[in-house]
There are 2 protein chains.
Amino acid sequence: MRKPKGPSKSRAASAADVARLAGVSRSAVSRTFTDGASVSTKTREKVLAAAEELNYHVNHLARGLSQEKSRPVCLLAANLDKPYHNLLLDALTRQLQADGRMVMVINVSADPTSAGEALNRALHYRAAASIVMSGTPPEEMVQSCIKAGQKVILINRHNDLQDVHHIQIDYAQAMQEAVEFFVQAGCQTLTLISSSKGTPSLLARERFFIRSAQERGLQLTIWRGENTNYEDGQLAATTLLSKPTRDDGYFCITDLVACGFIDTATHEYDVDIPNDLCVLGFDDIPQASWKSYNLTTFAQPYNAIAERVTDILNCDQVNLNDQESNEEPSTDAERQNHTQTEKRDLRSKLQATPKWRDTVRSTESTLEQYAEVD
Amino acid sequence: MRKPKGPSKSRAASAADVARLAGVSRSAVSRTFTDGASVSTKTREKVLAAAEELNYHVNHLARGLSQEKSRPVCLLAANLDKPYHNLLLDALTRQLQADGRMVMVINVSADPTSAGEALNRALHYRAAASIVMSGTPPEEMVQSCIKAGQKVILINRHNDLQDVHHIQIDYAQAMQEAVEFFVQAGCQTLTLISSSKGTPSLLARERFFIRSAQERGLQLTIWRGENTNYEDGQLAATTLLSKPTRDDGYFCITDLVACGFIDTATHEYDVDIPNDLCVLGFDDIPQASWKSYNLTTFAQPYNAIAERVTDILNCDQVNLNDQESNEEPSTDAERQNHTQTEKRDLRSKLQATPKWRDTVRSTESTLEQYAEVD
DNA sequence: CTGAAAGCGCTTACAG
DNA sequence: CTGAAAGCGCTTACAG
């Protein structure tokens, strides 16, 4: 009930206020709230009491001016209405928070220039890092960020930029397993339902699927819709199932496409999956396990990706572009090698794991081989 | 190729650097990047050129120390893997960004204490506002935020806290329309499938639905699952459809529940919707329109909510808790009234709009009355 | 362990 | 229109 005196001008208390009330220097206050700093128990308690009374909270905005760790991390995300992106966003925000990071999410709309604008914002807020899970920022913006001392992490979107960190899924193995699924189910002819969007991960999945199908000597048709959404799957079904002959198996490049394909196949073409034909998806979105779909698919390693991100953030390894490094200079060959190795390690860890469900005809052996993981 | 001299210590350029290069004072630099400030064209151009060369970007972290507008806004969100939350998050981040705000998303997990921790973070980062779309932060934390000069906005989660801004949907009307749907479809007995979670918006929907059903003299059963997810809908179907007699209509408190209910009803109980029974959902998540569900539901006014939020952020109306206001003092009655009016206005604007689809038996008249909105 | 001082980058009166 | 100066809140050597 009793109101405390003093500047209640609805301005938050500062370290100076606390110092005054506790009768110590502002350095002492600062030390009390700094992890490894040396303060006597007595001082610390006085400070803590004063802080409590004034409802003091260290201003991380100000702290960020000198400490890199309390600077924000930017997350460039798009398609926030799509399940895959949500799952990744969920995993990333959890992990980054647990790591003590403040994460600012930048919604990168379909507008192709917005990724650049987002990176610009990241620059303005002195982000410790920019994590790109959607969009393709222009190369010069990425370079600006790196020059400003920022780490840039690209998730599932390989390009040839120097000095950026990449986190990628090993699509080669997943696509090989995908083809194997179809083979086990007795499929001879396949259709790959993809998109002409041409994002890096789409292209990678396509390439490896095609290669694996060829290796297995299967006949493969490729169909590409505009996007990778439910509607694209519907259109694929309408187009492909009207043809005089149907294939044995259909690999949908995303689960969303698979859901649309299955719905139209089932409700409009009276197709019985997996008896008439086999369907496979990718992403393991929640809907894939819904009864109407029960889709065999591949789960992205969402949590592993998120852990990778914090690993990268926490290694204060000198930026690769710091050419005039004053550590023991290594030869170009060695540097190259080290980077190579690191990339390979990283890649080898992130595997998409198969989720066996009922849209591919099963055989006992495969069921065993690909037991549900969790 | 040629490297510029100077401190390329991978430290970003500061206003001082720019001033030096341009041969002007740092005030001039500051003014050049401040909207209404007065700088001569000549100075501005020199500054701009120097800034360009040094790749200078105003440090918003530092700016936030004195300017409220460039301070971040915090968004407390949970269930980032659920469609409703994604749609709202999408709308909010878009709108806030368009308004020039930096938005930091805090993932409030199921842990009940995490909402408080999140608000604590908001305090540390001197957020201009905290927007709560999930979780129930403890009252004292909310008060701390407000005392620190922060605006607190609660979305769809009414409570009795003073001085916080509320954005709410008018569930009364939506629930009345829901009951009307069932009546039009010829239903006499209804079941309300809800959850025992007891969040404010759930309770409000329940209350108004019950009231409307009573007004219409319908027989109503209430069933509550643990949550409001797909699995809860499945369990509801298993439980309710095993009973000796079934009701005519089932109102699912969320679309996710409705999807689970429909899937189990269709695939396990061989129910034909809407001929055997009618189903209604709430939220209009993307899956509601998928062919397997084609669910009649109510769309949350996502964009209107987001616009409301920025409206609140941009009105610099003195905080309501500033009791010793030095404006012309108004009577308590007047203040009260004003707040009331504002709340009513706000509420009247945000309506859930019905989306007519095929899970309720239709009659021509209702089809006309509730034409698809967009 | 502790305090005075300089520094991080900005903005905003205040004189000119 | 312009610059010197004080202020926003913090941290981090530097002496003691």
Side-chain angles (χ1 to χ4, degrees), chain A residues 7 9-47 50-51 54-72 102 123-128 148-149, chain B residues 7 9-47 50-51 54-72 102 123-128 148-149:
Chain A
K9 271 277 156 213
S10 100
R11 208 205 69 217
S14 75
D17 297 329
V18 176
R20 210 169 301 133
L21 181 59
V24 299
S25 72
R26 40 184 317 164
S27 315
V29 177
S30 190
R31 288 193 190 99
T32 303
F33 294 101
T34 302
D35 260 356
S38 54
V39 220
S40 69
T41 317
K42 205 167 173 182
T43 321
R44 141 168 278 119
E45 275 169 4
K46 280 194 292 184
V47 169
L54 295 179
N55 198 246
Y56 170 72
H57 297 264
V58 178
N59 184 335
H60 279 53
L61 250 37
R63 184 176 262 183
L65 249 35
S66 26
Q67 262 190 188
E68 118 101 43
K69 170 80 184 181
S70 47
R71 299 230 284 270
M102 159 191 182
L123 237 24
H124 279 292
Y125 281 95
R126 294 298 184 271
Chain B
K9 271 276 155 212
S10 102
R11 207 204 71 216
S14 75
D17 297 331
V18 176
R20 209 169 302 129
L21 181 60
V24 299
S25 72
R26 40 184 316 163
S27 316
V29 177
S30 191
R31 288 193 189 99
T32 303
F33 294 101
T34 302
D35 260 357
S38 54
V39 220
S40 67
T41 318
K42 206 166 174 182
T43 321
R44 141 167 276 119
E45 275 170 3
K46 279 195 291 186
V47 170
L54 295 178
N55 198 246
Y56 170 71
H57 297 264
V58 178
N59 184 335
H60 280 54
L61 250 37
R63 183 177 263 183
L65 250 35
S66 27
Q67 264 188 185
E68 117 101 43
K69 171 79 184 182
S70 46
R71 300 231 283 271
M102 158 188 182
L123 237 24
H124 278 293
Y125 281 97
R126 294 296 185 272

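No experiment lies behind these values; they were computed from the predicted model shown. Per chain, numbering begins at 1; letters A, B, ... match sequence-line order. Values reported hereafter were calculated over all heavy atoms of this structure, with side chains retained and with hydrogens, waters and symmetry mates removed.
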*Listed by chain and number, what are the side-chain contact (heavy atoms from CB on, under 4.5 Å) partners of A:Ser30, not counting sequence neighbours?*
A:Thr34
*Are B:Ser40 and D:dC1 close enough that a side-chain N or O sits under 4.0 Å from OP1 or OP2?*
no
*Calculate the interatomic distance between A:Glu68 atom CD and C:dG9 atom P; express it in whole Å.*
14 Å
*Using only side-chain N and O atoms of A:Thr43, determine if any of them is under 4.0 Å from OP1 or OP2 of C:dC1.*
no
*Within this structure, what is the CZ-to-C1' distance between B:Arg44 and D:dT2, rounded to whole angstrom?*
14 Å
*Partner nucleotide, any strand, of D:dA15 [Watson-Crick/G-U, under 3.5 Å]*: C:dT2
*Does B:Val18 reach the side chain of B:Thr32, with side-chain heavy atoms less than 4.5 Å apart?*
no
Sort me out a list of protein N/O and nucleotides 10-14 of chain C N/O pairs below 3.5 Å, or just none if empty.
unit_1: C:dC10; atom_1: OP1; unit_2: B:Tyr56; atom_2: OH; d: 3.0
unit_1: C:dC10; atom_1: OP1; unit_2: B:Asn59; atom_2: N; d: 2.7
unit_1: C:dC10; atom_1: OP2; unit_2: B:Ala15; atom_2: N; d: 2.4
unit_1: C:dC10; atom_1: OP2; unit_2: B:Tyr56; atom_2: OH; d: 3.4
unit_1: C:dT11; atom_1: OP1; unit_2: B:Arg63; atom_2: NE; d: 2.2
unit_1: C:dT11; atom_1: OP1; unit_2: B:Arg63; atom_2: NH2; d: 2.6
unit_1: C:dT11; atom_1: OP2; unit_2: B:Ser30; atom_2: OG; d: 2.3
unit_1: C:dT11; atom_1: O4'; unit_2: B:Ser66; atom_2: OG; d: 3.2
unit_1: C:dA13; atom_1: N6; unit_2: B:Arg31; atom_2: NH2; d: 3.4

*Main-chain N/O of B:Ala15 paired to B:Arg26 side chain as donor or acceptor, under 3.5 Å*: no
*asked:* Please determine whether a side-chain nitrogen or oxygen atom of A:Ser38 lies at a distance below 4.0 Å from atom OP1 or OP2 of C:dC1.
replied: yes
*May I ask you to decide if the ring planes of A:His124 and B:His57 are parallel, tilted or perpendicular, using 30° and 60° as cut-offs?*
perpendicular
*Is there a side-chain contact between A:Phe33 and A:Arg63 (heavy atoms, below 4.5 Å)?*
yes
*Calculate, to the nearest 0.5 Å, the distance between atoms CG and OH belonging to A:Leu123 and B:Tyr56 respectively.*
11.5 Å
